[in-house]
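Have a look at the structure below before the remarks.
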There are 2 protein chains.
Amino acid sequence: MKYGGNVEGPMMDAKAKPMIADDHLARQRLRMWLQMLKATRLVEGALRERLRSRYDTTLPRFDVLSALHAHPEGMKMSELSQYLVVSNGNVTGVVDRLVLDGFAERGAVEADRRAFLVRITDKGRTLMDEMAAEHLAWVDELLADVSEADTARAISIMLDIRHRK
Amino acid sequence: MKYGGNVEGPMMDAKAKPMIADDHLARQRLRMWLQMLKATRLVEGALRERLRSRYDTTLPRFDVLSALHAHPEGMKMSELSQYLVVSNGNVTGVVDRLVLDGFAERGAVEADRRAFLVRITDKGRTLMDEMAAEHLAWVDELLADVSEADTARAISIMLDIRHRK
DNA sequence: CTACAATGCTTGATACATGAAGTATGGCGG
DNA sequence: CCGCCATACTTCATGTATCAAGCATTGTAG
């Protein structure tokens, strides 16, 4: 609408340059990505600080424990890393420390001796019951300026991004 | 609208529990936050992988160099960390490596001998000119499923989150 | 059954990333 | 102009985070 963008005439893409259909839209998407990144970091920072001062724990530990809390039947290491969108080796270290502190435990998986079934312990569950409620309130506060309609829209947009894969 | 939520009657908040006005909305916001986090990590992962295989560099390095590229007059260390929403000590290390590789340089700030003015070098600019174009195309591709309207909406929502501070 | 690629996880090297403590300079009230 | 707090960075310890390599186990083709 604004302007034609890259016209698909002959003699084009001879240089095999990055293919962008609509330059204006591309820049708009870049702005969105930058804002997304900053907003995410801001919220992460606020949550991290509260987790530290209130529970003397870290964000990754909370994330893993939260995932285990939501899956009482246990999760395999690989399921955890996929669920949290982090690398495999990463989960190993965080789970190690959680096990060390008695918040989680590694069990065997029948029929596959390579895998572990990580489960939250009673001690971990007790802690998470308390933390989860507060975490919910924190997120509610940090996103307080986002209306219900915008929340739904944002969820939909994020899913669009994720499911492109 | 859906339901009354916590009525603000007497005998409330005697336990000083986390204050949540509307539980349904709070949970919706939590879902949004979780999706935001996953989407961000997904895109970050894709960008990181491309930066590594294509330019043998990392995301933090790119972010800093990109900021410097956008501010040819130079930025103070503190400005950089604020701009990128990362800690102060973090920027020190990344800039150190960029300087080591000759992509950036530290200059003095007149009238304040505590501060440094970090600037992109010609070598850095040459590299960024190329990387920026490709980075734009990558983001455009990764967010290809987000319409122009949604892009604008998302930017607005992210700003709402950030400006709450 | 038997190579052999694939899977599930850990380990190790490197680079972030944070918070707290330390150093140097700036700026202000008295 | 002096004490003193604030500011701008750096340094350090610790905890992620990634990728690549390695180990054990599984699945599968022949």
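Remember, predicted model here, so these are calculated numbers, not experimental data. The sequence lines fix the lettering, A, B, ..., with proteins before strands; numbering per chain opens at 1.
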When you check the phosphate oxygens OP1 and OP2 of dG26(C), does a side-chain N or O of Arg113(B) lie under 4.0 Å from one of them?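 Yes.
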
Has the side chain of [X] got a donor or acceptor atom that lies under 3.5 Å from a matching backbone atom of [Y]?
| X | Y | answer |
| --- | --- | --- |
| Thr151(A) | Gln28(B) | no |
| Asp112(A) | Arg114(A) | yes |
| Arg29(A) | Val146(B) | yes |
| Lys38(B) | Met158(A) | no |

Once you round it to whole Å, what is the distance between [atom2] of [N] and [atom1] of [X]?
| X | N | atom1 | atom2 | answer |
| --- | --- | --- | --- | --- |
| Arg41(A) | dC16(C) | CZ | P | 12 Å |
| Leu100(B) | dC16(C) | CG | P | 12 Å |
| Leu47(B) | dC16(C) | CG | P | 15 Å |
| Leu59(A) | dT14(D) | CG | C1' | 16 Å |
| Arg48(A) | dT14(D) | CZ | P | 18 Å |
| Leu42(A) | dT18(C) | CG | P | 12 Å |
| Asp101(B) | dA15(C) | CG | C1' | 13 Å |
| Glu110(B) | dG26(C) | CD | P | 12 Å |

Carboxylate-amine/guanidinium contact Arg41(B) Asp63(A), below 4.0 Å: yes

Could you tell me whether Asp101(B) and Arg97(B) make a salt bridge, using a distance below 4.0 angstrom between a side-chain N and a carboxylate O? no

Describe the nucleic acid contact of Arg97(A) in one word from base, sugar-phosphate, nothing, applying a heavy-atom distance below 4.0 Å.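 The residue Arg97(A) makes base contact.
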
Using a 4.0 Å heavy-atom cut-off across all strands, classify Thr58(A) as base, sugar-phosphate, or nothing. sugar-phosphate

Taken in chain and number order and not counting sequence neighbours, the residues that satisfy side chain to side chain donor-acceptor pair (under 3.5 Å) with Glu141(A) are Arg50(A)

Once each nucleotide of nucleotides 5-14 of chain C is scored for protein heavy atoms under 4.0 Å, what B/S/- sequence comes out, 5' to 3'? --BSSBB---

